[in-house]
Structure formats: C-alpha cells, structure tokens
Amino acid sequence: MTKKHSSTIRDVALKAGVSETTVSLSFKPLSRVSDETRARILAIANELNYVPNSVAQSLRVGRTKTLGFIVNDITESFYSVMSRTATDTAYNYGYQLIYAENGWSPTKAIESTKSMLAQRVEGLILCLCEKEVTSIQLIESLRIPHIVVDTSPDFYKGPYVINNEFAIGELAGAHLIEQGCRNIGFFNASKDMASFSSFSQQLAGLKRAVGAAGISMQSKDNIFAGISIEDGAQAFKRLLERDIHYDGILCINDEVAYGVMQEAERRGLKVGRDLAVIGIDNLKTSSLDRVALTSIHMNYELMTTLAVSTLINGIESGHEITSRIVLEPELIIRSSSQLSR
DNA sequence: GGGTATCTGAGTTACCCCTC
DNA sequence: GAGGGGTAACTCAGATACCC
C-alpha cells in the first residue's frame with residue numbers, strides 16, 4: 001500500500017509538462033514564470049487538489065513557522081480568549097499555533113515541552129506552573145525563543161507579559177473597605193496551589209489595602225477553597241458551619257465567587273447587602289448573573305497579542321527577547337460588592 | 001551486535017541552458 | 001542580454017542495507 005495521500009508537485013509538473021521547479025515558482029508571486037504558464041499550472045494544481053506539503057517545505061527551508069502555546073489548564077475560561085487571540089495574531093504574521101497543557105504539573109509540563117520541541121516549534125508561549133524549573137531549563141539550554149504569559153513564578157527571570165497580581169488584591173481590598181467591609185476573607189486556591197506566587201501576591205495586595213484602613217488580616221482569613229464553583233460553595237459552607245462570617249470576600253477567580261454567591265443565597269444571605277463578593281477574571285457571564293459579579297478585569301487579549309507579537313519579532317530578528325511587561329488590572333464594579341446598608 | 005552508508009519523503013534554490 | 005525554463009544538489013531524521 002502506498003503512503004501517498006494527495007497530489008505532489010511531481011504530479012502537477014507531469015500533467016503540466018513542466019519541471020517541478022516551474023510548479024514551485026508558480027506558487028510564488030513575482031517569480032520568473034510567465035503569466036500564461038503560471039495560470040495553466042495553477043489550474044492543473046487546482047484540478048488535482050494539490051496542496052503544498054508543509055512538512056517538506058519546512059524540511060527544505062529549515063523553518064516551521066509554528067509556535068507552541070502551553071497553558072496550565074485548557075478548561076479555564078480565559079484561555080479561550082487567549083487561544084483565539086494567539087491564533088489570530090500568529091496568523092497575521094504567517095505563523096500557526098499548536099497547543100498543549102501542563103495540568104499544573106511540572107512532570108506534564110516537561111512532556112508537553114518535549115512534544116512541542118519534537119514538532120520543531122520556533123518559539124514557545126508559556127503559562128508556567130509553579131516549580132516548573134526543568135522545562136524552562138530545557139528551553140533555555142536549547143535557546144528556544146519563548147515568552148511567559150499570565151503570571152511569572154519567582155524563579156523565572158526571562159521575558160514575560162503578565163498581570164500585576166499585587167494590584168489585583170489592592171484594588172479589591174480598597175473597594176471592599178470603601179463599601180464598609182471590616183471583616184474580609186480571601187478565598188484562595190487549594191492548599192497545594194495557594195503558595196503560587198500569583199495567589200500570594202494577590203493576598204499581599206489585599207492585606208496592604210485592608211491594612212491601610214487599620215484592619216489586619218489573619219492567617220485564618222486566607223481560606224483554601226479551590227478553583228471551581230463547587231470549591232467556592234463548599235468552602236463557604238464550611239465557614240458558616242463553623243460560625244465564621246465575612247462581610248467582604250475576594251475570590252481567586254469568578255467561578256469560586258459564583259460558588260460563594262450560590263451558597264450564600266441558599267443560606268438566606270443576600271449578596272450585595274449582607275456580603276460583598278469580588279471575583280477575578282471578569283468572565284463574560286459575570287455581568288449576566290441575577291446578582292452581577294464585581295470582578296477584576298485583566299486584559300488577556302492585549303496580553304496575548306503583546307506576547308505573540310513580541311515572540312515573533314524576536315524570532316524574525318534573531319535578537320534575544322528581553323521584554324518584561326506588567327499589565328494593570330481594572331476593577332469592574334457590579335451589584336455583588338455594592339453594599340446597600 | 002555495532003557502526004557506517006544509503007535511501008526516502010516533497011519541496012526549494014543555485015546555477016546553468018536555450019530562445020528570441 | 002533578458003526572460004523563461006530545467007537540472008541537480010540540498011534540507012533532516014528515521015529506516016534499511018550492508019559490512020566488519
């Protein structure tokens with residue numbers, strides 16, 4: 001059985017009665033082929049459903065024009081914004097993208113990285129999970145152009161486009177204080193993830209803003225919830241069962257905030273009166289809920305556009321990428337945090 | 001069994017040739 | 001000599017053949 005699945009440049013050349021060179025050049029505008037010959041070859045190529053083999057092209061020119069994008073968890077909602085923006089931006093530069101996820105695991109991260117390298121990506125966009133040292137060492141040792149997005153772990157010293165995590169906590173804290181909240185809790189990720197630098201910085205920012213109002217947050221106010229709606233609901237439920245009450249809560253993402261709001265409603269608490277809730281990510285659905293969720297908006301479109309264009313410019317120029325860009329968050333105030341008392 | 005040479009895939013490109 | 005076309009070398013890495 002033959003491995004051949006589609007027409008090749010040879011088939012087109014044979015049928016057109018020209019060389020493979022002439023066929024190849026016919027696909028390049030402004031090349032030396034006459035208009036008449038070009039039109040005839042393109043018509044035959046179309047008739048034979050000929051599509052140039054990008055693997056062979058890459059082999060010859062030594063380039064794949066492909067970027068790899070490794071995310072932490074493909075199911076997280078803001079990655080859909082990032083992946084679409086990355087794909088569109090790369091396409092505008094004539095590049096394509098392939099995706100993988102690290103599942104928040106350094107082991108899986110190294111596997112995903114090796115898989116990307118095996119496919120000869122020319123550059124990598126990385127969402128780094130904490131302790132992902134090995135994959136970064138591999139990428140740096142091979143001098144693969146790369147850029148980190150979203151958040152940057154403390155150990156990472158390379159280029160990035162990230163959010164100002166500290167400002168996220170600070171913005172939320174200042175708003176909660178402004179609403180009259182005096183008993184403020186931070187719904188963090190699960191215990192094993194809560195030490196990640198992004199969450200730590202958010203908590204630090206929150207503490208700073210709350211502290212400025214003369215209120216100090218204790219370690220008990222850092223609640224290990226998780227990252228899902230169910231996690232938020234369960235964590236809130238556990239607090240109520242222990243008779244622990246907060247009047248202001250910052251959640252590490254909108255989904256946890258939804259969980260808190262759902263559980264609060266189930267317990268007869270009115271969000272926006274008894275309790276102010278703020279999420280992070282500003283998902284599209286945040287403004288649609290019965291009680292619209294106040295959330296921290298982070299410009300993932302801008303972040304991704306900057307990262308992809310910076311990476312491609314670095315690849316094309318051959319210069320080392322050194323950009324370290326920090327994007328400022330924006331507080332989108334809705335009814336979940338506007339206390340009417 | 002290990003090492004080396006050759007082949008394979010499909011397309012690109014440097015260099016050469018032919019014609020008008 | 002310009003325009004238009006062809007030949008052959010070349011790309012990489014895995015598979016296969018061959019030799020010692």
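- A sub-4.0 Å separation between OP1 or OP2 of C:dC12 and a side-chain N or O of A:Ser58 is absent.
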What side-chain donor-acceptor pairs closer than 3.5 Å can you find for residues 147-161 of chain A, not counting sequence neighbours?
{"unit_1": "A:Asp150", "atom_1": "OD1", "unit_2": "A:Asn163", "atom_2": "ND2", "d": "3.2"}
{"unit_1": "A:Tyr156", "atom_1": "OH", "unit_2": "A:Pro159", "atom_2": "O", "d": "2.7"}
{"unit_1": "A:Lys157", "atom_1": "NZ", "unit_2": "A:Asp154", "atom_2": "O", "d": "3.0"}

What pairs of nitrogen or oxygen atoms, one from the protein and one from nucleotides 13-15 of chain C, lie under 3.5 Å apart?
{"unit_1": "C:dA13", "atom_1": "OP1", "unit_2": "A:Arg120", "atom_2": "NH2", "d": "2.8"}

Polar pairs (N or O, both sides) under 3.5 Å between protein and nucleotides 17-20 of chain B?
none

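- What separates CZ of A:Arg40 from C1' of C:dG5 is a distance of 12 Å, to the nearest Å.
- A:Phe78 pairs by the ring pair (Phe, Tyr, Trp, His ring centres under 6.0 Å) definition with A:Tyr300, not counting sequence neighbours.
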Indicate every side-chain donor-acceptor pair of residues 200-209 of chain A with a distance under 3.5 Å to a residue at least two apart or in another chain.
{"unit_1": "A:Ser200", "atom_1": "OG", "unit_2": "A:Ser195", "atom_2": "O", "d": "3.2"}
{"unit_1": "A:Ser200", "atom_1": "OG", "unit_2": "A:Phe196", "atom_2": "O", "d": "3.1"}
{"unit_1": "A:Gln202", "atom_1": "NE2", "unit_2": "A:Glu165", "atom_2": "OE1", "d": "2.7"}

Pairs under 3.5 Å (N/O, protein and nucleotides 12-14 of chain B):
{"unit_1": "B:dT12", "atom_1": "OP1", "unit_2": "A:Gln57", "atom_2": "NE2", "d": "3.1"}
{"unit_1": "B:dT12", "atom_1": "OP2", "unit_2": "A:Ser24", "atom_2": "OG", "d": "2.4"}
{"unit_1": "B:dT12", "atom_1": "O2", "unit_2": "A:Arg60", "atom_2": "NE", "d": "2.6"}
{"unit_1": "B:dT12", "atom_1": "O2", "unit_2": "A:Arg60", "atom_2": "NH2", "d": "3.3"}
{"unit_1": "B:dT13", "atom_1": "O4'", "unit_2": "A:Arg60", "atom_2": "NH2", "d": "3.4"}
{"unit_1": "B:dT13", "atom_1": "O4", "unit_2": "A:Thr21", "atom_2": "OG1", "d": "2.9"}

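- Residue pairs that meet the salt bridge (charged side-chain N to carboxylate O under 4.0 Å, His left out) test with at least one member in residues 323-333 of chain A, sequence neighbours left out, do not exist here.
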Quiz: residues 309-321 of chain A side-chain donor-acceptor pairs under 3.5 angstrom, not counting sequence neighbours:
{"unit_1": "A:Ser309", "atom_1": "OG", "unit_2": "A:Thr305", "atom_2": "O", "d": "2.7"}
{"unit_1": "A:Ser309", "atom_1": "OG", "unit_2": "A:Leu306", "atom_2": "O", "d": "3.2"}
{"unit_1": "A:Thr310", "atom_1": "OG1", "unit_2": "A:Leu306", "atom_2": "O", "d": "2.6"}
{"unit_1": "A:Asn313", "atom_1": "ND2", "unit_2": "A:Ser309", "atom_2": "O", "d": "3.1"}
{"unit_1": "A:Glu316", "atom_1": "OE2", "unit_2": "A:Arg63", "atom_2": "NH2", "d": "3.2"}
{"unit_1": "A:Glu316", "atom_1": "OE2", "unit_2": "A:Tyr95", "atom_2": "OH", "d": "2.4"}
{"unit_1": "A:Ser317", "atom_1": "OG", "unit_2": "A:Asn313", "atom_2": "O", "d": "2.9"}
{"unit_1": "A:Ser317", "atom_1": "OG", "unit_2": "A:Gly314", "atom_2": "O", "d": "3.4"}
{"unit_1": "A:Ser317", "atom_1": "OG", "unit_2": "A:His319", "atom_2": "N", "d": "3.1"}

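- Relative to the axis of its first five pairs, the axis of the last five pairs of the helix from B:dG1-C:dC20 to B:dC20-C:dG1 sits at 60°, rounded to 10 degrees.
- In this structure, the CG atom of A:Asp11 is 13 Å from the C1' atom of B:dG11, given to the nearest Å.
- Membership of an apolar cluster is not assigned to A:Phe224, as no side-chain contact below 4.5 Å to another ILVMFWY residue is traced.
- The salt bridge (charged side-chain N to carboxylate O under 4.0 Å, His left out) analysis of residues 96-106 of chain A, with sequence neighbours excluded, yields the pairs A:Glu101-A:Lys108.
- Residue pairs meeting the salt bridge (charged side-chain N to carboxylate O under 4.0 Å, His left out) criterion with at least one partner in residues 12-28 of chain A, sequence neighbours excluded, are A:Arg10-A:Glu20, A:Lys15-A:Glu47.
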